[in-house]
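Since the structure comes first, as structure tokens, the remarks are kept for the end.
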Amino acid sequence: MVETLSIAVIGAPGVGKTSIIRQFIYNDFSEVYTPTRTRYVYRPSVILNGNMYELKILDVPPISSFPSSSSQPVYEDNMEGSSSEVPILVVGNKRDLQRQRFMPRRAVSVLVKKTWKCGYVECSAKFNWHVVLLFKELLGIAVARGMRQNHTSIRLQGALQRNRCTIM
Ligand code: GDP
Ligand code: MG
């Protein structure tokens, strides 16, 4: 039995959402910006602390507002049972462009952790820096809060064969 966890990656266009996901799953990075045009669900398997999980990572094209309207069901079917208790991890990507930052890391971290009560991780999808860490962090919070959704035993084999299982 493998537990499934759904992750919605949201944020402004061009911040590197797709790059983070693709670096995590395929160890791949492209300098060319290809705006995400259709929603896509990635289904990697991961091992955390000896337990295997199947992730559903949702990458979506730009939406005008969040939560999206009911006429635009972007997340609903993937985020069944979602509530205000869904763990949120704020990610600051493009850490490699450190010199162009407009706010010290420490200040952002304090704002996110103290004011928003969310976790905060900085990463670089380009250099694969802290990419596994951020998923590990998020998974850790979700598992601790008992967010595990459902059970599946199929598809795992395929994921492993395609070399898409990350040991965290
Ligand atoms: P999305 O719209 O949020 O999905 O953003 P993309 O993943 O498509 O990335 C937008 C652009 O930022 C692309 O040109 C990427 O090559 C670039 N990019 C993404 N992550 C990084 C990073 O960590 N560092 C740098 N320097 N560029 C990045
Ligand atoms: Mg994208």
Side-chain angles (χ1 to χ4, degrees), residues 4-46 48 53-80 82 86-113 115-142 147 149 155 159 162-168:
T4 302
L5 285 149
S6 296
I7 300 172
V9 183
I10 57 176
V15 294
K17 302 180 295 297
T18 303
S19 299
I20 289 171
I21 299 169
R22 296 191 64 86
Q23 181 59 270
F24 177 60
I25 300 175
Y26 305 118
N27 287 115
D28 180 38
F29 176 79
S30 168
E31 294 277 358
V32 184
Y33 181 28
T34 313
T36 305
R37 299 210 186 281
T38 50
R39 71 202 293 284
Y40 196 85
V41 180
Y42 297 83
R43 291 179 154 274
S45 300
V46 298
L48 177 69
Y53 301 94
E54 187 177 77
L55 305 184
K56 277 164 80 177
I57 304 177
L58 180 61
D59 192 15
V60 292
I63 50 166
S64 50
S65 65
F66 182 82
S68 57
S69 68
S70 53
S71 60
Q72 205 189 354
V74 182
Y75 299 104
E76 285 78 353
D77 53 340
N78 270 63
M79 300 285 122
E80 320 108 48
S82 64
V86 168
I88 296 173
L89 182 70
V90 176
V91 176
N93 186 38
K94 308 196 185 182
R95 176 72 199 258
D96 55 288
L97 303 177
Q98 163 79 3
R99 272 171 289 171
Q100 290 170 44
R101 72 157 65 242
F102 56 90
M103 202 169 160
R105 193 194 64 81
R106 182 101 196 102
V108 184
S109 178
V110 167
L111 171 76
V112 173
K113 289 180 181 164
T115 316
W116 301 348
K117 311 276 186 239
C118 296
Y120 181 66
V121 170
E122 289 196 351
C123 73
S124 169
K126 183 173 180 175
F127 293 100
N128 200 7
W129 191 74
H130 280 185
V131 171
V132 171
L133 178 87
L134 78 88
F135 283 98
K136 187 176 176 176
E137 196 89 351
L138 189 58
L139 200 53
I141 307 166
M147 298 295 296
Q149 253 179 2
R155 215 179 291 106
R162 285 193 304 274
N163 195 21
R164 285 205 268 147
C165 182
T166 302
I167 299 171
M168 303 170 105

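Positions are given from 1 along the sequence. Just follow the structure's listing: the first ligand is 1, and inside any ligand the first atom is 1. Just so you know, these numbers use all the heavy atoms, side chains as well, and skip hydrogens, waters and symmetry mates.
Close N/O approach between Leu97 and ligand 1 is not found [any backbone or side-chain N/O within under 3.5 Å]. At least one N/O-N/O distance between Gly16 and ligand 1 falls below 3.5 Å. Not one N or O of Asp59 is nearer than 3.5 Å to an N or O of ligand 1, by distance alone. Considering backbone and side-chain N/O atoms, Cys123 never comes within less than 3.5 Å of an N/O atom of ligand 1. Residue contacts with ligand 1: Arg95 is placed with no nitrogen or oxygen under 3.5 Å of a nitrogen or oxygen of the ligand (distance criterion only).
Remark: side-chain polar atoms of Asp96 are not paired, donor with acceptor, to backbone N or O of Ser124 under 3.5 angstrom. The backbone N or O of Gly11 lies less than 3.5 Å from a partner atom in the side chain of Lys17, making a donor-acceptor pair.
In this structure, Cys123 and Val91 have side chains that are in contact, with non-hydrogen atoms separated by less than 4.5 Å. Considering only heavy atoms from C-beta on, Arg95 comes within 4.5 Å of Arg101 through its side chain. Looking at Val9 and Tyr42, their side chains never come closer than 4.5 Å, going by heavy atoms from C-beta outward. Counting heavy atoms from C-beta on, the side chains of Asn93 and Val15 never come closer than 4.5 Å. Between Lys113 and Cys118, every side-chain heavy-atom pair lies at or beyond the 4.5 Å cut-off.
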side-chain contact (heavy atoms from CB on, under 4.5 Å) between Ile57 and Phe24, worked out: CA-CA 11 Å; Ile57 304 177; Phe24 177 60; 4.1 Å; yes
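Across Arg39 and Pro61, no two heavy atoms sit closer than the pair N-CD, 3.6 Å.
The structure places CG of Leu5 at 10.5 Å from NZ of Lys56, a figure rounded to the nearest 0.5 Å. The distance from the CZ atom of Arg22 to the CG atom of Asn27 is 11.5 Å, given to the nearest 0.5 Å. Taken to the nearest 0.5 Å, the CD atom of Gln23 stands 7.5 Å off from the CG atom of Asp28. For the atom pair CD1 (Ile20) and CZ (Phe29), the distance works out to 10.0 Å, reported to the nearest 0.5 Å.
Distances from ligand 1 to the non-hydrogen atoms of Ser30 include at least one value under 4.0 Å. Taking a 4.0 Å cut-off on heavy atoms, Trp129 fails to register as neighbouring ligand 1. Contact annotation: Pro35 has no heavy atom less than 4.0 Å from any atom of ligand 1.
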Acceptor/donor pairs from residues 125-139 side chains to any protein atom, 3.5 angstrom cut, sequence neighbours excluded:
from: Lys126; atom 1: NZ; to: Glu31; atom 2: OE2; distance (Å): 3.0
from: His130; atom 1: ND1; to: Glu122; atom 2: O; distance (Å): 3.1

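Heavy-atom proximity to Val15, at under 4.0 Å, picks out these atoms of ligand 1: 3 (O), 5 (O). For ligand 1 and Thr18, the ligand atoms under 4.0 Å from any heavy atom of the residue are 4 (O), 7 (O).
Residue Lys94 holds the heavy atom nearest to atom 21 (C) of ligand 1 of all those in Lys94, Lys17, Gln23.
At a heavy-atom cutoff of 4.0 Å, ligand 1 is contacted by the side chain of Phe29 but not by its backbone. Under 4.0 Å from ligand 1, heavy atoms of Ser19 appear from its side chain as well as its backbone.
Atom 14 (O) of ligand 1 has Glu31 O, 2.9 Å as its closest protein atom, hydrogens excluded (heavy atom only). Nearest protein heavy-atom neighbour of atom 23 (O) of ligand 1: Ala125 N, 2.9 Å. Protein heavy atom in closest approach to atom 25 (C) of ligand 1: Asp96 OD2, 3.5 Å. Given atom 2 (O) of ligand 1, the protein heavy atom at minimum distance is Gly14 N, 2.8 Å.
Inside a sphere of radius 2.8 Å centred on the Mg ion (ligand 2), the protein N/O/S atoms present are Thr18 OG1, Thr36 OG1.
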